There are 2 protein chains.
Amino acid sequence: MITVGIVEDNTLFREGLERLLADTPGMRCACACGSAEEALHRIPRLQPDVVLMDLHLPNRSGIECTAGLTQQMPNLKVVVLTIYEDTMTLFKALQAGAIGYLLKRAKPEHIVDAIREVRRGGAPMTSEIARKVVAAFHQPIAPRSAAHNLSRREREILDLLARGFANKEIAQHLSLSVETVRVHLRHVYDKLHVRSRTQAVAEFMGLHNNRPPEN
Amino acid sequence: MITVGIVEDNTLFREGLERLLADTPGMRCACACGSAEEALHRIPRLQPDVVLMDLHLPNRSGIECTAGLTQQMPNLKVVVLTIYEDTMTLFKALQAGAIGYLLKRAKPEHIVDAIREVRRGGAPMTSEIARKVVAAFHQPIAPRSAAHNLSRREREILDLLARGFANKEIAQHLSLSVETVRVHLRHVYDKLHVRSRTQAVAEFMGLHNNRPPEN
DNA sequence: CCTAAATTAACCCTTTCGGGTTATCCACGA
DNA sequence: TCGTGGATAACCCGAAAGGGTTAATTTAGG
């Protein structure tokens with residue numbers, strides 16, 4: 001018997017899911033929550049095996065709800081059930097601890113299959129979602145040239161910048177004058193087409209970590 | 001018709017795969033390579049749709065072979081077929097550009113299914129592998145994580161900060177006073193134990209990029 | 001219900017940053 | 001050989017950032 005929690009603000013859809021679970025042998029609906037607050041309150045007490053989580057909730061987003069639940073219950077398996085197909089939402093949900101990601105247009109039997117798949121140790125998701133997840137691991141084949149127009153010294157200084165050092169500290173680290181650091185930074189700003197150290201760091205980090213592309 | 005390349009040093013297994021493909025309608029074996037060198041030479045010329053890649057090869061590893069092939073042919077879909085189940089090998093293969101990851105103990109029909117799955121836009125892998133991939137995205141459940149003590153508003157502002165916006169711009173984006181933004185930022189600095197926006201961004205980025213490094 | 005935290009906002013003041021400008025030294029290549 | 005570009009350094013100045021302080025309102029939780 002697999003116990004399942006539901007978090008879904010849409011009443012019709014929520015009751016549809018309840019009925020689906022009730023009609024499925026081997027599954028039981030532990031609770032059906034209409035809000036993130038309700039979920040954060042009831043689910044830790046009822047300890048279901050799996051949670052079906054909608055992402056579009058009134059106050060807090062389902063992502064935060066997922067994060068809250070998985071932090072309290074590391075063994076809880078959250079399967080996201082949403083209309084959002086964009087990469088950003090997907091990754092935030094996974095980071096929040098979701099273990100599966102389905103679209104609401106999935107057929108009922110696929111949802112049931114997904115719950116069983118979770119129990120078998122899997123991570124249910126559609127083909128397209130899986131492809132996106134895997135693609136996030138691929139190293140960018142051709143690192144953009146933007147950061148490569150930088151000279152050695154400029155890269156070195158940008159690197160220290162990204163570690164949060166002030167110009168003064170960078171100057172000390174490299175045994176340079178603060179003025180020189182400023183000159184290098186100006187060149188970096190020119191080449192990266194930014195106007196502030198924070199923008200430069202954002203740009204630099206964006207190229208140096210394999211995070212999902214924006215949207 | 002899907003054309004498939006094979007890279008596998010074990011002769012028996014390689015020929016077994018060849019026969020499997022030959023016996024499968026809609027698939028054709030473009031080439032069967034016994035070494036990474038042979039693969040790097042022949043596959044770019046034959047341009048198969050999919051490559052089944054063993055990871056245990058004589059000289060270079062199949063991971064390097066995968067990296068070489070995917071760099072030359074960005075559209076090539078490499079499905080790893082290996083005995084290695086460890087997380088490190090998995091991640092390296094994915095980073096090298098692999099799009100699927102199967103274990104050699106997979107049944108022949110599953111291998112055929114996986115090739116079709118790739119063509120349908122998916123990323124074929126076993127349940128356990130998928131679980132590992134998804135788990136890599138989970139944020140380390142750091143209870144002491146300073147970033148989690150941040151309030152909703154503070155996280156929101158930090159996020160805009162990390163995108164390179166100035167206080168003034170953040171204020172406009174959120175319809176707030178610059179002073180309020182400054183207050184929130186001060187709290188952020190306190191909680192992250194930093195003294196400047198750049199340090200805060202560095203900290204934030206460090207926690208919010210989902211790289212699976214740790215060689 | 002009441003308190004703690006969050007959110008909003010303003011003031012003053014010092015430090016840091018970023019743009020503009022100028023200048024010297026050195027290495028590399030046409 | 002001369003010029004280009006990198007690295008070094010200094011000046012002025014306005015804009016932005018950051019610290020200290022105070023305080024109103026709202027929200028959340030015990």
Side-chain angles (χ1 to χ4, degrees), chain A residues 35-45 57-61 64-65 67-68 71-72 145 147-204, chain B residues 146-204:
Chain A
S35 71
E37 289 75 15
E38 187 184 349
L40 286 168
H41 182 263
R42 295 179 61 195
I43 289 182
R45 282 160 183 74
L57 299 176
N59 282 333
R60 322 196 184 188
S61 81
E64 291 170 65
C65 185
Q71 274 185 19
Q72 290 177 61
S145 52
H148 280 48
N149 292 333
L150 299 178
S151 73
R152 239 175 246 153
R153 204 52 152 173
E154 287 162 352
R155 273 195 299 272
E156 196 175 10
I157 286 181
L158 179 52
D159 191 65
L160 290 171
L161 200 68
R163 291 189 161 81
F165 292 105
N167 291 356
K168 200 181 282 183
E169 297 170 318
I170 296 177
Q172 285 171 350
H173 262 281
L174 301 179
S175 298
L176 292 177
S177 141
V178 186
E179 299 302 324
T180 304
V181 173
R182 276 162 42 67
V183 171
H184 287 309
L185 274 186
R186 280 208 299 261
H187 294 159
V188 169
Y189 295 161
D190 282 344
K191 291 178 181 176
L192 296 185
H193 306 296
V194 299
R195 265 169 308 286
S196 76
R197 62 208 290 98
T198 317
Q199 285 179 349
V201 170
E203 187 77 15
F204 181 71
Chain B
H148 282 51
N149 292 334
L150 296 180
S151 74
R152 170 185 321 286
R153 204 52 153 175
E154 288 162 352
R155 273 194 301 273
E156 196 175 8
I157 286 180
L158 180 52
D159 191 66
L160 290 171
L161 200 69
R163 290 190 162 80
F165 291 105
N167 291 357
K168 200 181 283 180
E169 298 170 314
I170 296 176
Q172 285 171 349
H173 265 281
L174 301 179
S175 298
L176 291 178
S177 138
V178 186
E179 299 302 324
T180 303
V181 173
R182 274 162 44 67
V183 171
H184 287 309
L185 276 186
R186 272 193 49 206
H187 294 158
V188 170
Y189 296 162
D190 282 346
K191 292 178 180 176
L192 296 186
H193 306 295
V194 300
R195 259 156 267 92
S196 74
R197 62 207 291 100
T198 316
Q199 284 180 349
V201 170
E203 188 77 12
F204 180 72

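Just so it is clear: chains get the letters A, B, ... in the order the sequence lines come, proteins before strands, and each one is counted from 1. Predicted model, so just to flag it, every value in this text is computed and none were measured.
- Side-chain N/O atoms of A:Arg197 include one lying less than 4.0 angstrom from OP1 or OP2 on C:dC17.
- Distance from the side chain of A:Tyr189 is smallest for C:dG19 among the nucleotides C:dT7, C:dG19, C:dA10.
- For the pair A:Arg182 and D:dA9, the criterion of a side-chain N or O lying under 4.0 Å from OP1 or OP2 is not met.
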Detail all sub-3.5 Å separations between protein N/O atoms and N/O atoms belonging to nucleotides 23-27 of chain C.
none

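- Separation of atoms CG (A:Leu40) and CD (A:Glu37) is listed at 7.0 Å; rounding is to 0.5 Å.
- Dashed line: the shortest gap from a side-chain N or O of A:His187 to OP1 or OP2 of D:dG6 is not under 4.0 Å.
- At the heavy-atom level, A:Val183 lies under 4.0 Å from base atoms of the strands shown.
- Contact check, B:Arg186 against D:dG19: no side-chain N or O comes under 4.0 Å of OP1 or OP2.
- Looking at which nucleotide of DNA chain C each of A:Asp190 and A:Lys168 is closest to, the 5′-most match is held by A:Lys168.
- Atoms CZ (A:Arg152) and P (D:dG5) sit 18 Å apart, rounded to a whole Å.
- Counting to the nearest Å, the P atom of D:dA17 and the CD atom of B:Glu179 are 12 Å from each other.
- When rounded to the nearest whole Å, the span between CD1 of B:Ile157 and C1' of C:dA6 equals 12 Å.
- The side chain of B:His184 contributes an N or O atom lying less than 4.0 Å from OP1 or OP2 of C:dT8.
- A pairwise comparison of heavy atoms in A:Phe165 and A:Arg197 identifies O-NH2, 3.1 Å as the closest pair.
- Once rounded to the nearest 0.5 Å, the distance linking CD1 of B:Ile157 with NE2 of B:His184 reads 4.5 Å.
- The shortest side-chain heavy-atom distance between A:Leu160 and A:Leu174 falls under the 4.5 Å cut-off.
- Here C:dG18 is the nucleotide among C:dT7, C:dA6, C:dG18 with the atom lying nearest to any side-chain atom of A:Leu185.
- Taking only side-chain nitrogens and oxygens, A:Asn167 never comes nearer than 4.0 Å to OP1 or OP2 of C:dT16.
- Contact detail for B:Ala200 and B:Tyr189: the closest heavy-atom pair is CB-CE2, 3.9 Å.
- Computed from coordinates, the A:Glu169 CD to C:dT15 C1' distance equals 13 Å when rounded to whole Å.
- The NZ atom of A:Lys191 sits 9.0 Å away from the CZ atom of A:Arg155 when rounded to the nearest 0.5 Å.
- B:Arg195 has no side-chain polar atom (N or O) that falls below the 4.0 Å cut-off from OP1 or OP2 of C:dT16.
- Comparing the end axes of the helix from C:dC1-D:dG30 to C:dA30-D:dT1, each fitted to five base pairs by superposing C1' atoms of four pairs onto the next four, gives an inter-axis angle of 60° (nearest 10 degrees).
- Here CG of A:Leu161 is found 12.5 Å from CD of A:Glu154. Values are rounded to the nearest 0.5 Å.
- Across all strands shown, B:Thr180 has heavy atoms under 4.0 Å from base atoms, whether or not it also approaches the sugar-phosphate.
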How far apart are the C-alpha atoms of A:Arg186 and A:Val183, what are their side-chain angles, what is the distance that settles it, and do they pass the side-chain contact (heavy atoms from CB on, under 4.5 Å) test? CA-CA 5 Å; A:Arg186 280 208 299 261; A:Val183 171; 4.0 Å; yes

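- Atom-to-atom distance recorded for B:Gln172:CD and B:Asn167:CG is 11.5 Å, nearest 0.5 angstrom.
- How far NE2 of A:His187 is from CG of A:Asp190: 7.0 Å, rounded to the nearest 0.5 Å.
- Atom C1' of nucleotide C:dC17 and atom CG of A:Leu160 are separated by 17 Å, given to the nearest angstrom.
- Here D:dA7 presents its P atom at 15 Å from CD1 of A:Ile170, a figure rounded to the nearest Å.
- Between the C1' atom of D:dG19 and the CD atom of B:Gln199 lies a distance of 15 Å, rounded to the nearest Å.
- Per the geometry, CG belonging to B:Leu176 stands 16 Å off P belonging to C:dA6, to the nearest Å.
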